[in-house]
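Notes follow once the structure below has been shown.
Atoms within each ligand, like the ligands themselves, are counted from 1 in listed order. The analysis underlying the following values was restricted to heavy atoms, covering all of them including side chains, and did not include hydrogens, waters or symmetry mates.
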Amino acid sequence: MSWIDFTGKIVVVTGGSGGIGRAMLDAFKALGATVVALDYRAEEAEAAAHAVGGYGFGCDVSDLRSVEAAADHIAKLGGADVLVNNAGILRPGPLEDLAIEDWQAMLKVNLDGCFLTAQSFGQQMISKGAGALVHVASISASQPQPFSGAYSPGKAGVAMLSRALAYEWGPKGVRSNVVSPGLVLTPMSEPFYANLEVKAARERRVPTGRIGTAQDMANTAVFLASARASYINGQEIVVDGGLSQT
Ligand code: NAD
């Protein structure tokens, strides 16, 4: 058996067809889990899951009925043991020009979505008396970033939601922690890095000298979700190569 083992566990990854989501599926699958990808892009969720022998379902995390339908599917598989709350959107822009629709869309997916999925899948974990939540927030949760003025409050909310869940559900056997990425090359961030000068300038800002990978985030999430982290609850691990120290 490996040092970390998810054999017999059902791991649900929201935003499972995105950059970080796919790396999560790969990492948990490699450690023995049955993985389930949820994404509002149903076909992509199915394809991402099938690529690793898992299950994929269409699910809009910001819609209660959609989350409940996904929870019904997963209950039939045996119920979630781990939830990786990873689905997210970014609509960057300066606050003085930001449309209320963009503000609301980010809060709806990034914050409401985390609450709805945590509640639905958390109930499955509570009924088992064990489980782990890992929410993907951002360094923007605690530090303003360029053009992220409306993204940051939702991510800060996720970080606090996780602490509240840790407090309420710890006694029920369910832990809740956060992975906060810095700069990561994924479809979400690709437009920023298309300009190689911008990419190089960003790399120079990171003390470890590189942009992060989706795998870096997944490595941290598998540890936090594992039995090896059974005494870690309500914490945030910033995975940014030291960027937030500059
Ligand atoms: P991505 O765009 O590749 O993946 C996001 C996924 O979420 C996509 O598959 C998308 O279809 C899905 N999604 C969006 N809205 C949804 C909804 N309503 N319901 C279900 N699924 C939905 O981006 P990524 O970089 O892999 O981002 C993953 C997470 O990491 C996000 O929460 C993001 O905010 C966070 N993050 C990313 C970076 C970065 O630099 N890439 C940095 C900090 C935090």
Item checked: Protein contact of atom 9 (O) of ligand 1 - nearest heavy atom, named by residue and atom, plus distance -> D39 OD2, 2.6 Å
Next item on the list: Would you kindly specify which portion of V109 sits under 4.0 Å from ligand 1, judged on non-hydrogen atoms: side chain, backbone, both or neither?
Entry: side chain
Note to self: Heavy atoms only, cut-off 4.0 Å: how does M188 contact ligand 1, side chain, backbone, both, or neither?
What the structure shows: both
Notebook entry, point to check: Between the side chains of S140 and Q145, does any donor sit under 3.5 Å from an acceptor?
Noted result: no
Check: When you look for heavy atoms under 4.0 Å from ligand 1, do you find them on the side chain of K155, its backbone, both, or neither?
Finding: side chain
Checklist line | Atoms in ligand 1 with a heavy atom of Y151 nearer than 4.0 Å | finding: 33 (C), 34 (O), 35 (C), 36 (N), 43 (C), 44 (C)
Next item on the list: Determine, for R41 against D39, whether the closest basic-nitrogen to carboxylate-oxygen distance falls under 4.0 angstrom.
Entry: yes
Next item on the list: Indicate whether the side chain of D216 and that of T213 have a donor and an acceptor atom separated by less than 3.5 Å.
Entry: yes
Next item on the list: Give the atoms of ligand 1, by number and element, whose distance to some non-hydrogen atom of G15 is under 4.0 Å.
Entry: 6 (C), 7 (O), 9 (O), 12 (C)
Next item on the list: For D60, counting its heavy atoms only, list the atoms of ligand 1 lying under 4.0 Å from any of them.
Entry: 17 (C), 18 (N), 19 (N)
Notebook entry, point to check: Which protein heavy atom lies closest to atom 25 (O) of ligand 1, and at what distance to 0.1 Å?
Noted result: T186 OG1, 2.5 Å
Check: For atom 3 (O) of ligand 1, what is the nearest protein heavy atom, given as residue, atom name and distance?
Finding: G19 N, 2.9 Å
Margin query: In this structure, does ligand 1 have an atom that sits under 4.0 Å from one of the heavy atoms of A137?
Written below: yes
Notebook entry, point to check: Going by distance alone, is a donor N or O of one side chain under 3.5 Å from an acceptor N or O of the other, for N85 and T117?
Noted result: yes
Notebook entry, point to check: Under 4.0 angstrom from ligand 1, any heavy atom of R22?
Noted result: no
Item checked: I89, portion touching ligand 1 at heavy-atom distance under 4.0 Å -> side chain
Check: Which heavy atom of the protein is the closest neighbour of atom 22 (C) of ligand 1, given with residue, atom name and distance?
Finding: Y40 CD2, 3.3 Å
Margin query: Checking side-chain polar atoms at under 3.5 Å, does S180 have a donor or acceptor matched by the opposite partner on S138?
Written below: no
